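Here is the structure we will look at.
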Amino acid sequence: MSDHAVVIGIETYPGIKNLQGPCNDVDSFIQWLEDPNGGGLEKKNIAKKTCKEFPPPLGVDDAHPVLADLQNVFRPLVIKAARQEHTDGRLFIYVAGHGFAEQQDMESAALITADADQYNNTHMAVLDYANYFRRAWAFKEIIVLMDTCRTTNSMQSISPAHLLKLNPHVNAPKVKMFIGLATGHGSIARERDINGRVQGIFTTALIDALKKASPNRKGIVNGSAIKNFIHTNINEFSGSEDVSPPEITVDESKEVTFLRRDDFLIDIKIIVADDNIDKTLVIKFGGLKEVYREVIKAPQINVPLKVGLYKVEIIDTHINKILEVIKDEQFTL
Amino acid sequence: MNNSLYNNVKLEILASDDITEIFVIDSNLNRIESGVGLLKVEVLPGIYKVRYRSGASQYDEIIEVLSTDKSLLIKGRPVLFNSTAPICDTKTFNLIQSERANRASTVINRNVGNGSQLYIFVRETDGNQPFILPDIEVLTLDGEPLASMNDGELNEESKYAALNIKVEPGTYRVRVNSSDIGDYEIFISTSREWQTQVFFTIDEFWHNKESTRIPSIQNATVLMSRFGSGFNPSSNIVRLNELARIALSKRRNVVTSRMINKLLSDKYLDPILGIIASHIILQRHRPDWNLLNIIVNNLTNLIGEHPDVQAIIIALKKRTNKRVEIIDTPPTYRKSWNVIVKASRRRASLVKQGPLITQISKNLASSGLLLIHKNDSNSQIDEIDQVTIAGSERIFDLLSNMDQKVIDDMFKKQEIFSPLELNLLRVLKASKSSVVFTNEKPGFRRRSLSTVNHISAPSYSIANAVASLAEKIKDN
């Protein structure tokens with residue numbers, strides 16, 4: 001399988017307002033892409049473009065990346081697609097930066113380029129690229145992730161990408177799609193300091209989901225699993241920010257594969273009082289399915305558990321507790 | 001847990017109000033059900049997470065459904081959210097401000113008319129910030145000052161200011177003045193035997209890399225209560241109103257028939273809630289026109305003629321027996337304005353031409369739930385009378401044939417143009433950068449220039465702006 005990725009991060013916007021998170025987000029996502037236990041992509045197949053590759057701009061006129069820079073990142077893949085070269089693999093398109101949506105189109109989203117100002121709404125219609133590759137059956141699976149705002153303004157409309165209007169390939173309907181947008185139509189996507197580093201809240205929740213979301217019975221972490229995990233846990237990263245829910249589109253009949261693995265296990269520490277030593281500790285997944293039963297030998301018990309809701313009981317006592325396992329944590333019974 | 005050894009348990013989850021969204025999440029942390037206000041679902045015994053969401057705030061509660069349960073009722077506590085009005089059970093609740101807001105709403109500070117009241121309450125929610133008297137004025141639509149916060153009550157220690165004036169039923173400008181970022185206005189309507197309440201919180205704004213703290217006009221909350229009731233911080237209707245406002249701004253579809261029926265049967269309905277609920281219904285793919293008709297009838301009975309109710313009547317088109325001949329006062333809500341603007345594309349005479357509508361159209365703030373415009377007392381209302389729509393379309397066609405360089409040169413002099421004229425200039429620039437072969441009719445309807453129709457200004461305002469733009473281009 002030959003997977004590819006186009007990864008873009010823009011945080012320097014001399015004509016609007018700078019961001020602080022996109023390049024950190026790009027680093028995090030590329031780290032996951034390259035991880036053999038993550039996306040498993042070869043380095044050479046990851047095309048990256050961020051503002052860090054350019055000298056700090058003095059003003060809007062020398063700000064980068066501009067639309068042409070971004071078009072160049074896509075260019076080799078665009079040409080291959082036009083030549084009807086099919087890749088039996090996935091294409092990841094990840095972008096982080098300022099963005100907006102079209103007022104009349106609830107599904108729209110665009111990435112604003114570094115040279116934008118209040119009079120020149122320069123941008124890239126990222127979703128047009130995804131649709132182009134789909135029409136051309138250029139990849140088997142296409143995963144689009146956009147950590148951008150989707151605010152609307154009646155005077156901002158998304159200009160179509162300068163791509164050939166290819167007729168849909170006969171296999172185009174078979175392409176599996178996943179579109180993850182950081183926020184709902186008309187809403188703001190947020191970034192914040194998380195563990196000493198400014199990051200997009202959506203990207204942080206995404207990376208956490210890629211690490212922890214449960215695989216299905218075939219060991220596949222699919223689009224639905226990632227979507228569910230993000231929706232359920234994004235609040236873990238939002239801090240005091242009120243975050244609008246991300247808008248994630250998956251087709252359950254054509255699930256994309258993010259990765260394959262066994263359940264991700266989290267080390268949980270359970271602390272019990274000394275007088276419970278020699279009694280039996282039982283942990284039930286969902287309160288019903290027993291996944292752990294051991295005699296307590298010490299006041300601290302370390303148990304690896306997959307993400308989920310559990311009930312912990314000490315047999316022959318009234319001691320019990322419900323646990324939500326989503327990160328390394330210590331629970332006292 | 002899919003285990004046939006167990007029987008399903010009827011789970012009923014009741015949120016603290018009818019607008020809070022409810023989600024049920026299973027032990028694998030997958031969302032399995034959702035609803036608004038009340039959720040009834042059958043589940044197998046197990047552990048579940050219930051999420052309550054109001055606006056952009058939420059909290060989770062973990063519940064255990066036992067195999068011995070036949071049914072289980074879960075009652076959620078209120079979701080704490082950021083509220084502009086000082087209402088109970090919110091993140092920004094402040095007991096003193098809340099009590100004083102209630103008390104001040106029953107005291108008249110100034111009498112400039114009879115029949116209705118306009119109440120303004122401004123507060124600081126950041127305990128570390130000082131509070132100084134905010135510069136807010138109430139004016140007639142013609143711009144005649146009626147009262148300012150100086151006429152009301154100020155409490156620097158408890159960080160609030162309040163003003164309650166008796167006025168004739170009608171529409172008034174409420175202006176927030178700031179020497180740093182400019183003066184912005186909203187339009188507040190009062191109705192006979194009702195008090196219209198406007199709440200502001202102080203927020204930080206940046207201008208030229210310097211910060212200033214002034215009342216946040218885009219987060220203002222508008223409520224209405226019957227004479228003598230005043231502001232009730234613990235009222236369910238007030239809470240619903242604030243939540244509906246947030247839901248509308250976040251585009252959450254949280255208005256259920258159950259909630260509407262409950263509100264309609266409630267004789268103390270806050271008309272503003274009816275207006276917001278109508279806009280939430282209108283933004284659905286298939287609005288419930290019958291329900292909207294009922295709401296409009298109810299609102300008309302409660303408050304009579306009101307610009308925002310008129311906007312909903314316009315949105316109903318021929319689905320109602322009511323008809324709006326002309327709009328001569330601006331509405332409170334931006335969505336109402338958008339409805340009016342859209343309707344003016346088919347019937348330009350719907351919106352009465354005049355300096356106020358022209359001024360709003362020219363200086364409309366780009367976003368917000370309320371119709372906000374920048375009051376620019378220095379800008380002249382151009383005396384270009386009676387420009388016909390057809391005439392302005394012809395002028396625009398001529399302008400669209402201008403050389404690209406001329407348009408670029410005009411952008412360098414952008415300070416001479418109003419925001420509306422600049423928007424038109426942008427459309428001209430955009431039409432230059434795309435090649436369109438068309439046999440369509442000339443004018444704004446031409447595909448290349450159809451963006452003009454997206455400008456949030458009534459047709460005659462656009463027509464006037466086209467004419468004034470042409471004049472300025474000619475002079476420069």
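Below, chains carry the letters A, B, ... as their sequence lines are ordered, and counting in each starts from 1. As a basis for the values below, the full set of heavy atoms in this structure was taken, side chains included, without hydrogen atoms, waters or symmetry mates. Only a predicted model underlies this, so the values are computations on that prediction, with no experimental measurement involved.
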Task: Pairs meeting criterion salt bridge (charged side-chain N to carboxylate O under 4.0 Å, His left out) with involvement of residues 324-333 of chain A, two or more places apart - done: E236(A)-K327(A), E324(A)-K49(B)
Task: Whether over 12 other heavy atoms sit under 6.0 Å from K342(B) NZ - done: no
Task: Contacts of type ring-ring contact (aromatic ring centres under 6.0 Å, His included), residue Y52(B), not counting sequence neighbours - done: Y59(B)
Task: Residues of residues 206-219 of chain A contacting chain B, heavy-atom criterion under 4.5 Å, by residue number - done: none
Open item on the list: With a 4.5 angstrom heavy-atom cut-off, is it the side chain or the backbone of R51(B) that approaches chain A, or both, or neither?
Closed with: side chain
- [ ] With a 4.5 angstrom heavy-atom cut-off, could you sort out which part of I326(A) is near chain B: side chain, backbone, both or neither?
- [x] side chain
Task: Where I322(A) and I62(B) come nearest, the two heavy atoms and their spacing - done: CG2-CG2, 3.3 Å
Open item on the list: Show every ring pair (Phe, Tyr, Trp, His ring centres under 6.0 Å) that has at least one partner inside residues 210-268 of chain A, sequence neighbours left out.
Closed with: F178(A)-F258(A)
TODO: Against chain B, label K227(A) side chain, backbone, both or neither, depending on which of its atoms sit under 4.5 Å from a heavy atom there.
DONE: neither
Open item on the list: So R53(B) and P245(A), do their side chains get closer than 4.5 Å, heavy atoms only?
Closed with: yes
Open item on the list: If I measure from the heavy atoms of chain A, does L29(B) come under 4.5 Å with its side chain, its backbone, both, or neither?
Closed with: both
Task: Minimum heavy-atom distance S27(B)-G286(A), with the two atoms named - done: OG-CA, 3.0 Å
- [ ] Nearest 0.5 Å please: distance from the CG atom of N28(B) over to the CG atom of N228(A).
- [x] 9.5 Å
